[in-house]
Amino acid sequence: MQDFIYSSPASRVIFGAGSLRHVIREIDLLGAGRAIVLSTPEQRADADHVAAMIGERCAGIFDRAVMHVPIETARQARELARQVNADCAIAIGGGSTTGLGKAIALESPLPILAIPTTYAGSEMTPIYGITEAGLKKTGRDMRVLPKTVIYDPELTVGLPTSLSATSGINAIAHAAEGLYAQDANPIISLFAEEGIRALAQGLPAVLANPSDMEARSQCLYGAWLCGTVLGSVGMALHHKLCHTLGGTYNLPHAETHTVVLPHALAYNAAAAPDAMKRIAKALGGANASQAVYDLAKALNAPLSLKEIGMPEGEIDRCVEIAMQNAYANPRPLEKAALRRLLDDAFHGRRPAASEAP
Ligand SMILES: NC(=O)C1=CN([C@@H]2O[C@H](COP(=O)(O)OP(=O)(O)OC[C@H]3O[C@@H](n4cnc5c(N)ncnc54)[C@H](OP(=O)(O)O)[C@@H]3O)[C@@H](O)[C@H]2O)C=CC1
Ligand SMILES: O=C(O)/C=C\C(=O)CC(=O)O
């Protein structure tokens, strides 16, 4: 066994159907008085529900969270939190709403109580992202890690099956790259394997019956574990490519992860054989990249970059951008192979069984 460093994230997690009922107790345990509740405009009803549950402990609602946290939105939310004297922020929603909470925590001492309703996993990471003048900057800061997370699968029943599928594969991507991370460690690898297994089991059952609480619980449990992996070890080629594609062509976040993952795994397969074995085993398949592709297909998820909005003729430009910044990856970045990867992802081809470079 190799030497390793393991740091335990400091979040308190409350998990279970109906666990939202503990929200006042959790505000108390944070030592907070009054909370500002954050949501997207479309999830305003969820924010209203939380506000009604906490009554006079609600200092106000900010319902303007949007994807990628524009700096203007972050400033408005920070200002409202200040005006209403909130000493805690409750973020109910997906990664966009959690991201807004993080932007507040970055510049104030407000602890975040996150109530995730997708599988993106942001609630378990100290990673923040803020978009200014069209450019998204990400960073790591322990101040933004939510202090408490309430995982209530009942709140995910309304997540459409299409988004459940892609958000679930977004979570699997965190775990898959965690298994071959440069700073991987055996504990986080256990989280990764178990997270993939739970999602691979839960997602088809959610597709069959979106109200199946056992399946919803499996998925949210898997999302928690995969989010912990994202927050604990470094990501590699797959996440960098998705960041480039999402930022350059404004592609939808979870869908981009879903399309790219099989191809990023095929690219890295020969350089990370142990990780591939563990990913394949957790997915119940023989080959990691094909098993991810087949799962996405079975879930009726998008399989090509073309169908999610990437324009034709952009692959070379994308390869250039991907080659610009050096980062850790099991296999070195090779222009021709990256081009093949992106071409396969653009057309949605199933990765070949032989994954050797
Ligand atoms: N910092 C980090 O560690 C991480 C950050 N992220 C960031 O988070 C963002 C993506 O997060 P993601 O969760 O995928 O997307 P969003 O938070 O944008 O949510 C995606 C969609 O899900 C809808 N939605 C969420 N929950 C429900 C629900 N329970 N029922 C019905 N609809 C629901 C939202 O609807 P509506 O808009 O209609 O409310 C929205 O359309 C990106 O900006 C990404 O970069 C992602 C992972 C980790
Ligand atoms: O871009 C961010 O906000 C930070 C990290 C992620 O989105 C992780 C991911 O690509 O899923």
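Only a predicted model underlies this, so the values are computations on that prediction, with no experimental measurement involved. Each ligand, and each atom within it, is numbered from 1 in the order the structure gives.
Proximity to E42 (heavy-atom distance under 4.0 Å) selects the following atoms of ligand 1: 36 (P), 37 (O), 38 (O), 39 (O). Every atom of ligand 1 is numbered from 1 in the order shown, and the set under 4.0 Å from a heavy atom of G94 is 13 (O), 17 (O). Taking every non-hydrogen atom of H174 and a distance limit under 4.0 Å, the qualifying atoms of ligand 2 come out as 9 (C), 11 (O). Close approach to L155 involves these atoms of ligand 1, each under 4.0 Å from a residue heavy atom: 29 (N). Against a heavy-atom cut-off of under 4.0 Å, K102 is close to the following atoms of ligand 1: 1 (N), 2 (C), 3 (O). For ligand 1, the atoms lying closer than 4.0 Å to a non-hydrogen atom of L163 are 20 (C), 21 (C), 22 (O), 23 (C). For ligand 2, the atoms sitting less than 4.0 Å from at least one non-hydrogen atom of H239 are 9 (C), 10 (O), numbered in the order shown with element in parentheses. Residue L230 approaches ligand 1 through these ligand atoms, each under 4.0 Å from one of its heavy atoms: 3 (O), 48 (C). Set against the non-hydrogen atoms of T125, the atoms of ligand 1 under 4.0 Å away are 1 (N), 2 (C), 3 (O). Ligand-side atoms of ligand 2 in range of N170: 11 (O), range being under 4.0 angstrom from any heavy atom. Atoms of ligand 1 found under 4.0 Å from any heavy atom of T40 (numbered from 1 in listed order, with element): 36 (P), 39 (O).
Ionic pairing of D141 and K102 is not present here: no N-O contact between side-chain nitrogen and carboxylate oxygen is shorter than 4.0 angstrom. Salt bridge annotation for K335-E320: present, with a cationic side-chain nitrogen under 4.0 angstrom from a carboxylate oxygen. No salt bridge links E107 with R143; every basic N to acidic carboxylate O contact stays at or beyond 4.0 Å.
Protein heavy atom closest to atom 4 (C) of ligand 1, with residue, atom name and distance, is S122 CB, 3.4 Å. For atom 18 (O) of ligand 1, the closest non-hydrogen atom of the protein is S96 OG, 2.6 Å. From the protein, the heavy atom lying nearest to atom 5 (C) of ligand 2 is I127 CG2, 4.1 Å. Shortest contact from atom 34 (C) of ligand 1 to any protein heavy atom: Q43 OE1, 4.3 Å.
Annotation: side chain of E194 is in contact with side chain of R197 (closest heavy-atom distance under 4.5 Å).
Environment of CD in Q83: crowded, with over 12 heavy atoms of neighbouring residues, nucleotides or ligands closer than 6.0 Å. Atom CG of N250 has 12 or fewer heavy atoms from other residues, nucleotides or ligands within 6.0 Å.
Heavy atoms of H253 found under 4.0 angstrom from ligand 2 belong exclusively to the side chain. Only side-chain heavy atoms of K136 come within less than 4.0 Å of ligand 2; its backbone N, CA, C and O stay farther off.
Ring geometry for H257 against H253 counts as tilted: the plane angle lies between 30° and 60°, on a 0 to 90° scale.
Residues I27 and I104 do not share a hydrophobic cluster, defined by chaining ILVMFWY side chains whose heavy atoms lie under 4.5 Å apart.
Here atom 10 (O) of ligand 2 lies nearest to H257 when heavy atoms of H243, H257, M67 are compared.
Taking only nitrogen or oxygen atoms, main chain and side chain alike, S167 does not reach within less than 3.5 Å of ligand 1.
Using a 4.0 Å heavy-atom cutoff, M124 is absent from the residues neighbouring ligand 1.
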